[in-house]
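Dropping a structure here in structure tokens format, bear with me for questions.
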Amino acid sequence: MSASPSRPDVAVLGGGLSGRLLAWQLIRAGARVALYERGDADGSAAAGWVAAAMLAPLAEAAVAEPSIVEMGAVGLERWPALIDGLPEHVFFQRNGTLVVWHQPDRAEAVMFDRRMRANAPPALLRDGVRRVSGAQLADVEPALAGRFQEGWWLPNEGQLDNRQLLRALAAGLAKAGAALHWHTEIAEGAYPDAGLVIDCRGLGARAALTQLRGVRGEVVRIHAPGIGLRRPVRLLHPRYPIYIAPKENDLYVIGATELESEDMSPMTVRSALELLSAAHSLNPAFGEARIVELNVNCRPALPDHLPRVQWDGARLLRVNGLYRHGYLLAPAVTGEACALAQALMQTTGAQMGVGHAFDWETWRASRPWPDLFRQV
């Protein structure tokens, strides 16, 4: 039996970061793709809308598992090729990450360095960590001249503009001929007709992934002309370590708060004060910045804080659990999901919804991160 010409090879449920990026890779590989998203084409309903989109595997090594660091390092290298070909501009920068601290918090720097070196592979550490003195800081980041006595510069790390990326992916998918269904929520089990269905709904998949939970994140966007930070900066602090990421046109994204809560109500006064006070301590000129936005969202997390690509043995895949590492991990995780989808589509059994034609264990063992995959 041949598939209908109008029937997509793949239906992607959820048009946040993972769904759009996976759909983009599949359609570039020649698949017919339909995308279903409860929100708009801008991506404003997605967790990825409220993010700084820092691509910092070494900096994250201080708080993440080694597998996260490895996948993040791969993701950092893959982003330029993924962005290439999109019909709209996406800000991408690879000027590194600067890690600083006030002297009373120097113990945090010692712990940061110890954890980073324990979780990062030697190849990533090689030429990837430079200790800088206060005088050297003035050369690396003039906006912080005289503010700190020392710091760490991780010169190979990067960042991108998350909102530009979400919009550009939507435009790229439209131009490539994907069937885009915005403002369309898919109920659990009521899946569209397609050769494969890939569920990238994040917290929207909680009815199926019962261990999934939301972790609240809060960010501030400010407009601060004249400061001129060249790269993302992380300020270590025992209670509220923050990051501040400079985007184009003097826009800065400040964040750090991570709360075990699925509360989607507006940001608290305490969070806003801590984030803005920390930015002011980096450079007092931030005191004259204009607040553009205070925003919150909840990131989907599994109990082990690791991502997962799950197959039901037939025609359904689920991609979830990227937690706070969405932009760092998305290229590697969606790339692996894309590889699995292509392998399934190449087997007659998978096309007919029968999983026995696909040698799951052999395929899984051949992948760089076999523990990423589950079969249910």
Side-chain angles (χ1 to χ4, degrees), residues 1-38 82 169-170 172-174 176-182 184-202 204-209 212 300 307-322 329-367 369-370 372-376:
M1 180 183 293
S2 60
S4 166
S6 61
R7 182 176 186 251
D9 298 317
V10 183
V12 179
L13 314 183
L17 170 62
S18 294
R20 292 181 197 220
L21 193 59
L22 179 54
W24 178 240
Q25 292 170 84
L26 287 166
I27 206 164
R28 293 179 92 180
R32 292 171 299 172
V33 177
L35 178 72
Y36 298 82
E37 161 58 22
R38 66 184 176 90
L82 290 169
L169 284 169
L173 288 168
L180 302 176
H181 304 273
W182 308 118
T184 303
E185 187 163 1
I186 303 298
E188 182 60 39
Y191 306 137
D193 184 31
L196 288 174
V197 175
I198 306 182
D199 182 1
C200 299
R201 293 175 297 166
R206 192 159 34 188
L209 299 176
L212 199 65
R308 181 181 301 174
V309 177
Q310 184 171 299
W311 180 45
D312 75 340
R315 58 185 284 268
L316 175 64
L317 304 180
R318 299 189 193 274
V319 180
N320 218 312
L322 273 69
L329 296 184
V333 173
T334 61
E336 290 299 288
C338 182
L340 176 55
Q342 289 176 295
L344 291 171
M345 287 189 289
Q346 288 170 0
T347 65
T348 302
Q351 293 279 12
M352 301 299 295
V354 179
H356 67 269
F358 178 64
D359 187 345
W360 164 258
E361 291 299 337
T362 298
W363 185 90
R364 177 177 175 269
S366 73
R367 305 310 298 174
W369 304 288
L372 174 65
F373 298 97
R374 298 285 191 280
Q375 184 178 3
V376 178

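Please read these numbers as outputs of a predicted model, since none were measured by experiment.
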>> I'd like to check Leu322 versus Leu17 (side-chain heavy atoms, cut-off strictly below 4.5 Å). Are they in contact?
In response: no

> Which pairs count as side-chain hydrogen bond (donor to acceptor under 3.5 Å, both in side chains) when at least one residue sits in residues 10-31, sequence neighbours excluded?
Replying inline: Gln25-Thr334

>> Any non-hydrogen side-chain atom of Pro8 less than 4.5 Å from a side-chain atom of Val33?
In response: no

> Just wondering, do Phe358 and Trp363 contact through their side chains at under 4.5 Å, heavy atoms?
Replying inline: yes

>> Let's go through Leu372 and Arg367 carefully: what are the C-alpha distance in whole Å and the side-chain angles of both, what is the deciding distance for side chain to side chain contact (heavy atoms under 4.5 Å, CB included) to 0.1 Å, and is it a yes or a no?
In response: CA-CA 9 Å; Leu372 174 65; Arg367 305 310 298 174; over 6 Å; no

> Would you call His181 and Ile186 a side-chain contact if the rule is heavy atoms closer than 4.5 Å?
Replying inline: no

> Got Asp9 and Arg32 here, is their nearest side-chain heavy-atom distance under 4.5 Å?
Replying inline: yes

>> I'd like to know if the side chain of Arg315 reaches the main chain of Ala194, judged simply by a donor and an acceptor atom lying under 3.5 Å from each other, with no hydrogens or angles considered.
In response: yes

> Under 4.5 Å between any side-chain heavy atoms of Val10 and Ile198, yes or no?
Replying inline: yes

> Does CZ in Arg206 sit with more than 12 non-hydrogen atoms of other residues, nucleotides or ligands closer than 6.0 Å?
Replying inline: yes

> If you measure from CH2 on Trp311 to CG on Leu340, what distance do you get to the nearest 0.5 Å?
Replying inline: 7.5 Å

>> Quick check for you: to the nearest 0.5 Å, what is the distance between Asn320 atom CG and Leu212 atom CG?
In response: 4.5 Å

> Closest approach of Ile27 and Gly177, non-hydrogen atoms and distance?
Replying inline: CD1-C, 4.1 Å

>> Other residues, nucleotides and ligands only: do more than 12 of their heavy atoms fall within 6.0 Å of CD on Glu185?
In response: no

>> Keeping Arg374 on the side-chain end and Gln310 on the backbone end, is there a donor-acceptor pair under 3.5 Å?
In response: no

>> My understanding is that only residues two or more places apart in sequence, or in another chain, count here; which of them pass ring-ring contact (aromatic ring centres under 6.0 Å, His included) with Trp182?
In response: none

